[in-house]
Amino acid sequence: MSIATEPNPLLKALIARLAAAAKLPQEQVAGLLRPPPKPDMGDYAIPCHALAKARGAKPDQVAIDLAAELALDPALKDIVAALEPAGAFLNVRVNGGALCAAILPRIAAAGAAYGGGAEGAGQTVVVDYSSPNIAKPFHTGHLMTTVLGASLVRIYRALGYRVVGVNHLGDWGTQCGYQFLAWQRADPQEREKQLAARGIDYLVDLYVGINAPAKELAELKEKLLDKNVALQPDCRKELETAIAALEPQVAETDRRARELFKQLEDGDAELRALWERMRVRTLEVLQLSYDRLGVKFESTDGEGFFEPFLKPMIAELKQKGVLVQSEGAWVIELAEPGAKKKAPPFIVVKSDGATKYETRDLAAAIYRKQTYDFAQNLYVVDVRQGFHFSGLFKALEKCGYPWAKDCRHVSYGLMQIKEGDATLPMTTRGGRMIPLSELLDRMVGIVRGIVDEKNPTLPSERKAAVAEAVGVGAIVFWIQARRRNSNIVFDWKEATNPDGDTGPYVQYTHARACSILRKHGASIPPNAQLALLAAPAEVQVVKALDEFPRVVRDAAREYEPSMLATWLVQTSRLFNDFYNSHQVLKAESEALRDARLALVDAVRTVLARGLALLGLGAPEEM
RNA sequence: GUCCCCGUAGCUCAGUUGGAUAGAGCGCUGGUUUCCUAAACCGGAGGUCGCAGGUUCGAAUCCUGCCGGGGACGCCA
């Protein structure tokens, strides 16, 4: 157990004495200890049901006996303020000042590293996240994986793990052929300009544009086949004519696109250079948005990178006998012998001989194990691909890789955006999608208006920095404020509500703490009498800070950054309560002022740290 | 049809390794600025924790069945 997760000295002593009195191992007592339902009932409670069995007495009596026994313990004299049996529970109220004096120095000593640890030393975690497809718009769905993945990277890194963030770019497939073809047809100067300025958005335009006739054709055919609509003969004829006119054109485009992609696969130098250029430029433009989110990848090996690995892998798997032929395709059978319903196989090579993204995922997983020797391999991908990943992991198991159990699909729900009274899905059919940069800009613009209103005297460049941190933070926090599997609706107005469970609320609380320290000017006195911090509001805040290291670990274990967000809001609320009811700079005495300054400094440190782990900035004023 | 996720206050959600009287925010409503940022704080109203069984001293939490919402399910990614 690292220092950070060890109970604070006071709690440790309490646990030791409780364990001795109850004649139980300390770990068990530590596990039983919990906060009472209401803070005014005490600081820690121990349920006595389990103890009652061992003692052969009623739980209520055990609580009473234990209280009497502990009251006589000299080691607890300065620690415990009250021992109150309440039914089957024993409530312990500790000496608040002593508790603060036990907790705050640990935070001051750790500083910005508080909450972190070294338990991950020597272990590697691979996090596959963001991973946009270059034929599809980078929209709010990618924002989810990017935000969640980046937080997991930071959280695991804080715990001492070596973390490899991978942006597994969807940069391979027939789509490339379509994009090449559209590129060839585009004006040479215009296309350069567009690619340089818009990156992936331009590639998507190319793909969508050249696919428009095919899409139209598909829609016409659907209309013709729709049994629910009775078509007039002349209308039917019209449809048939339109289809006949489109069909050769679409077929020709498809043929040429496939041909171009085949050429790329076969190593055509010119196409390869173009592909590389598109890929690099896409990443460069994306990085502009990534920078605003504080995201940086260790690897950008996309699907194309794994192309050379596929043939050898397929050959090896065939030789091993894992890859078998089924209905013309090469598959890994996943069906369990005794299962009621036959699970579909994992298709590695299509019946036309082409590979699929399953093939590349398989190769990528093997590559990652060989290259990084991960302890965990995480895929931050939306929940709809759950079936794919369970298949992938089972397939890896069938291939005989024991590390298949270390792979995990970190799923998340869908995000929609609220516009007025309407709720728009991020992938509207035919409707325009909001590009990421635009989403961020709009939010920052809204926040800039609030800053202008609330803090007009702030210099302009400071305003801009605050608006950026708070605007982007509002979105980033909103996404992480609920458990990742729930579907979320983004609400422009609510996300910036400083009274709500929002990023701006936490950031504002942090700015308040900074403001006090700034007004104080001088450095924090190092040897404050922390035991003076005995008011309930003070003790509640310090106890919350004490919880932080555990919350970081829970968030890592559950892959749930939302746990940090929840903690940040709760702690902010407690601090604001303290702020409102107690003066710091004009405290009753200098000694009390110094102690409160230490508390404020600790709050500032830990809130900033928590925000940073979630990818939010922490402006010192706003 | 099979599998996965979800169902808690009018709305958005915490709480789920089983523990006491189920908590926040929004919205509604009443109050707090000679005081460190009122982008704040405090109070009030608001609940058959989807339904029904079961396990347990104890269930929002675990098990079974059902209802309702979303998603996936052999050659798209």
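Letters A, B, ... are given to chains in the order of the sequence lines, protein chains preceding strands, and every chain is numbered from 1.
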Specify the separation, in whole Å, of atom CG of A:Leu414 and atom P of B:rG71.
->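 So the two atoms are 8 Å apart, to the nearest Å.
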Once the angle between the rings of A:Phe490 and A:Trp492 is folded into 0 to 90°, is it parallel (under 30°), tilted (30 to 60°) or perpendicular (over 60°)?
->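 Ring orientation of A:Phe490 relative to A:Trp492: perpendicular.
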Taking the six-membered ring for Trp, are A:Tyr207 and A:Tyr178 parallel (under 30°), tilted (30 to 60°) or perpendicular (over 60°)?
->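 A:Tyr207 vs A:Tyr178 ring planes: perpendicular.
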Examine the base of [N] for any acceptor or donor lying under 3.5 Å from a partner atom in the side chain of [X], and report the outcome as yes or no.
X: A:Glu494; N: B:rC26; answer: no
X: A:Ser326; N: B:rG74; answer: yes
X: A:Asn91; N: B:rA20; answer: yes
X: A:Ser351; N: B:rC75; answer: yes

For atom [atom1], what is the distance between [N] and [M], given to the nearest Å?
N: B:rG18; M: B:rC57; atom1: P; answer: 15 Å
N: B:rA9; M: B:rG27; atom1: C1'; answer: 12 Å
N: B:rU16; M: B:rG50; atom1: P; answer: 15 Å
N: B:rU21; M: B:rA60; atom1: C1'; answer: 15 Å
N: B:rC62; M: B:rG7; atom1: P; answer: 11 Å
N: B:rA24; M: B:rA45; atom1: P; answer: 12 Å
N: B:rU12; M: B:rC6; atom1: C1'; answer: 15 Å
N: B:rC5; M: B:rG44; atom1: P; answer: 39 Å

Counting the atoms with a prime plus P, OP1 and OP2 as sugar-phosphate, which does [X] contact under 4.0 Å by heavy atoms, base, sugar-phosphate, or nothing?
X: A:Ala354; value: nothing
X: A:His582; value: base
X: A:Gln385; value: base
X: A:Val331; value: base
X: A:Asp352; value: nothing
X: A:Asp491; value: nothing
X: A:Val383; value: nothing
X: A:Tyr357; value: base
X: A:Gly500; value: sugar-phosphate
X: A:Pro37; value: base

[X] side chain: which of [options] is closest?
X: A:Glu303; options: B:rG74, B:rA77, B:rC36; result: B:rA77
X: A:Asp501; options: B:rA39, B:rA72, B:rG25; result: B:rG25
X: A:Pro344; options: B:rG19, B:rA24, B:rC73; result: B:rC73
X: A:Asn487; options: B:rG71, B:rA24, B:rG70; result: B:rG70
X: A:Ala45; options: B:rA20, B:rA77, B:rG74; result: B:rA20
X: A:Ile347; options: B:rC73, B:rC75, B:rC36; result: B:rC75
X: A:Arg482; options: B:rC36, B:rC13, B:rG74; result: B:rC13
X: A:Asn580; options: B:rC41, B:rA20, B:rC5; result: B:rC41

Under 3.5 Å for both donor-acceptor distances, Watson-Crick or wobble: does [N] have a partner, and if so which one?
N: B:rC26; value: B:rG10
N: B:rA39; value: none
N: B:rA72; value: B:rU2
N: B:rG46; value: none
N: B:rC62; value: B:rG54

Would you kindly check if the NZ (Lys) or CZ (Arg) of [X] is within the cone defined by 45 degrees around the ring axis of [Y] and under 6.0 Å from the six-membered ring centre?
X: A:Arg34; Y: A:Tyr44; answer: no
X: A:Arg573; Y: A:Tyr505; answer: yes
X: A:Lys356; Y: A:Phe346; answer: no

Going by atom types only, do A:Thr509 and A:Asn576 share a side-chain donor-acceptor pair under 3.5 Å?
->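 Yes, side-chain donor-acceptor contact under 3.5 Å.
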Answer yes if the side chains of A:Ser151 and A:Gln480 hold a donor-acceptor pair under 3.5 Å, and no otherwise.
->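 Checked: A:Ser151/A:Gln480 side chains pair up, N/O donor to acceptor below 3.5 Å.
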Name the residue closer to the 5' end of RNA chain B, choosing between A:Glu333 and A:Gln570 according to the nucleotide with the nearest heavy atom.
->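 Counting from the 5' end, the first nearest nucleotide belongs to A:Gln570.
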Please figure out whether A:Phe89 or A:Glu327 has its closest RNA chain B nucleotide nearer the 5' end.
->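 Its nearest nucleotide lies further toward 5', so the answer is A:Phe89.
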Just to confirm, is there a sub-4.0 Å distance from OP1 or OP2 of [N] to any side-chain nitrogen or oxygen of [X]?
X: A:Lys350; N: B:rC76; answer: yes
X: A:Tyr505; N: B:rC41; answer: yes
X: A:Asn133; N: B:rA77; answer: no
X: A:Lys38; N: B:rG23; answer: yes
X: A:Tyr579; N: B:rC35; answer: no
X: A:Lys454; N: B:rA39; answer: yes
X: A:Arg483; N: B:rU16; answer: no

How far apart are the C-alpha atoms of A:Trp172 and A:Phe261, what are their side-chain angles, what is the distance that settles it, and do they pass the ring-ring contact (aromatic ring centres under 6.0 Å, His included) test?
-> CA-CA 9 Å; A:Trp172 203 255; A:Phe261 178 60; 5.5 Å; yes
Using centres under 5.5 Å plus planes under 30 degrees as the test, is A:His49 stacked with B:rG19?
->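 Yes; by the centre-distance and plane-angle rule, A:His49 counts as stacking on B:rG19.
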Would you indicate whether A:Glu620, at its atom CD, is surrounded by more than 12 heavy atoms from other residues, nucleotides or ligands within a distance under 6.0 Å?
->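 For A:Glu620, atom CD is not crowded (no more than 12 foreign heavy atoms under 6.0 Å).
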